[in-house]
Amino acid sequence: MPVPSADMELLNARLPLADGGGLFRLTVRDGVWVAVEPQAGPVESPDHVPIAALGIDRLGAAPRLDLEGRVLLPGFVDAHMHLDKAYSLPHVRNRSGTLLEAIANYRAAAPAFAKETIRDRIVMAALRAASYGSATLRSHLDVPVHLGRDVAMRTIEAALEARELVSGAVDIQYFPMYFYEPSAERELTEFAAETLRMGVDGVGGAPHLTPDPAAGIGWAFRMAAAFDRPIDLHTDESDDPAVKTIDIYCDYVRRSGYGGRATAGHLCSLAAMDHREAERLMAKMAEAGVAAVTLPAVNLYLQGRGDRGNVRRGVTRVRELAEAGVPVAAASDNIQDPFHPFGRGDMLQIGLMTAYAAHMAGEEDIAEVLRMLTHIPAAIAGVPDYGIAPGNPARFVAIDAHSAEELFQELPAGRWVYNKSRWTCVSEWTRQWADSAPFVPASRP
Ligand SMILES: [Zn+2]
């Protein structure tokens, strides 16, 4: 049960993204941050209850909480997911581990998934993500209209129902992946227009997988402009350095004035191509205002499957994109489906994968990785009033770690999630030794 706690004070909260990254006293009124005050050091207060002492039932009744130096972050924004496919792995396998087999097998299985099945998968995946601290999710949706309008519409209806069901815990944006085929343009346009009127948020797609990528990108921009919606395309999820639809994508963004409202996910071929050509494209993205989302877990799984010896790992040029001035977010992509057998919707896990895959594990890199899970995707997703600052809604996760590095060293289970003016979820684990173990220090040496 959600626990009301619209007014409260939090003591000894560690804010790794704030100036100095030290301890803060935070005040919430009516679910909104009203004060964010740095502390000179740890403060002891008999009036404040240690947060770890209370379960979800009692948190709301304790208006003064002591975080005891634990990290507090604004609610994560997972800017690229596939909630409709989550947990489908037992029904849809992928023997080769390639993107193309995943697509083919999912397409073959999709007609047999009932609307309720898809809805329940979205609900489960969204709530799991919320329990790890995500406050906003952007999900792409599988809508292969050319293979059957009914199946595609079933996914849209399931998604809209699911969003309603979880609205007390997490916000979801939907970007259907419209598949453009010139011969079926009229049907696709009608379908897309109907779904945009029904309440999906933007225009998605994967033009590099369609017969005529340039025409598909052009269609996506006409659709987005007609409905005044943002655009978010799967872009160049390929090991082939000759695949570079990002070039055309940037041209359209410039021409349509879509800078700041256009996102490119994956960009795998960017990592495989000649450095000089990659630099040209990254500069073009920065200039056009196209944001990037890296999906390290899924691309480490799917890409480079044909390589022997020097295996390409498929993760885009994360650090170089950022250095070129492109906003780069990291996101989950797929969860326990034929596109990716692992994952749990936990942004700390994605941050850890990003740190490994992009060689971003230096002390100074950790804050940048945290921004790739929070402020950068929030800007990409257009989340208003985001962050821990007076006047913004209090949406945050407190995590059982005492430094930014410890978040990725331990992936702590202990999380206290606050959203929509109340505590929504508490997760903890306990270790129970069979006998007292004097060789295990009670705290860090
Ligand atoms: Zn994707």
Side-chain angles (χ1 to χ4, degrees), residues 1-77 127 129-137 166-172 347 370-371 373-375 377-379 381-402 414-428:
M1 278 294 285
V3 177
S5 186
D7 300 339
M8 62 182 172
E9 188 182 77
L10 307 169
L11 200 61
N12 298 317
R14 191 174 303 279
L15 303 186
L17 295 175
D19 275 350
L23 298 176
F24 284 75
R25 178 195 297 262
L26 308 167
T27 313
V28 175
R29 291 277 172 270
D30 294 329
V32 172
W33 296 116
V34 293
V36 178
E37 300 159 296
Q39 299 173 196
V43 173
E44 283 196 32
S45 161
D47 298 338
H48 291 71
V49 185
I51 193 167
L54 302 176
I56 189 76
D57 298 338
R58 294 175 56 210
L59 265 179
R64 280 179 295 279
L65 293 165
D66 186 350
L67 265 69
E68 300 177 303
R70 290 184 179 82
V71 168
L72 190 144
L73 292 170
F76 296 120
V77 177
L127 290 181
S131 80
Y132 289 118
S134 286
T136 304
L137 315 175
V166 302
S167 60
V170 64
D171 295 324
I172 307 181
M347 290 294 273
L370 286 178
R371 277 190 286 276
L373 313 175
T374 53
H375 289 270
V383 178
D385 307 319
Y386 183 84
I388 300 162
N392 290 347
R395 285 184 296 245
F396 65 86
V397 54
I399 303 176
D400 198 11
H402 292 78
R415 310 207 190 175
W416 294 263
V417 184
Y418 185 94
N419 195 357
K420 300 174 187 277
S421 305
R422 59 189 178 264
W423 293 101
T424 53
C425 190
V426 174
S427 314
E428 288 177 278

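- Contact of the D385 side chain with the P393 side chain is registered, since non-hydrogen atoms from C-beta on lie closer than 4.5 Å.
- Between F24 and A18, the closest heavy-atom pair is CZ-CB, 3.7 Å.
- For the pair G387 and H375, the tightest heavy-atom approach, listed with the atom from each and the gap, is CA-CE1, 3.9 Å.
- Taking every heavy atom of both residues into account, V36 and P390 meet most closely at CG2-CD, 3.8 Å.
- By the 4.5 Å heavy-atom criterion applied to side chains, L73 and P16 are counted as neighbours.
- Counting all heavy atoms, side chain and backbone alike, T136 lies closest to V170 at N-CG2, 4.2 Å.
- Formation of a donor-acceptor pair under 3.5 Å by the R14 side chain with backbone atoms of G69 is found in this model.
- Here CH2 of W423 is found 9.5 Å from CG of L54. Values are rounded to the nearest 0.5 Å.
- The minimum heavy-atom distance linking R70 with A52 is given by the pair NH2-CB, 3.6 Å.
- Here the NE2-CG distance, from H48 to L65, works out to 8.0 Å after rounding to the nearest 0.5 Å.
- Between Y418 and F396, the two ring planes are parallel [angle under 30°; tilted spans 30° to 60°].
- Counting heavy atoms from C-beta outward, R415 and Y132 have side chains that approach closer than 4.5 Å.
- A distance of 10.0 Å separates CG of N392 from CH2 of W33, quoted to the nearest 0.5 Å.
- A heavy-atom distance below 4.5 Å is not found between the side chains of D66 and V43.
- Within 6.0 Å of the CG atom in D47, the count of heavy atoms belonging to other residues, nucleotides or ligands exceeds 12.
- Separating the CD atom in E37 from the CG atom in L11 is a distance of 10.0 Å, to the nearest 0.5 Å.
- Residue-environment remark: CD (E44) stays at or below the threshold of 12 foreign heavy atoms within 6.0 Å.
- Test N12, I388, I399 against L72 for side chain to side chain contact (heavy atoms under 4.5 Å, CB included) and you get one pass: I388.
- How far OG1 of T27 is from CD of E9: 5.0 Å, rounded to the nearest 0.5 Å.
- Rounding to the nearest 0.5 angstrom, the gap separating the CG atom in D400 from the CD atom in E428 is 8.0 Å.
- Between A13 and L67, the closest heavy-atom pair is CB-CD2, 3.9 Å.
- Side chains of R29 and D7 form a contact here, defined as non-hydrogen atoms less than 4.5 Å apart.
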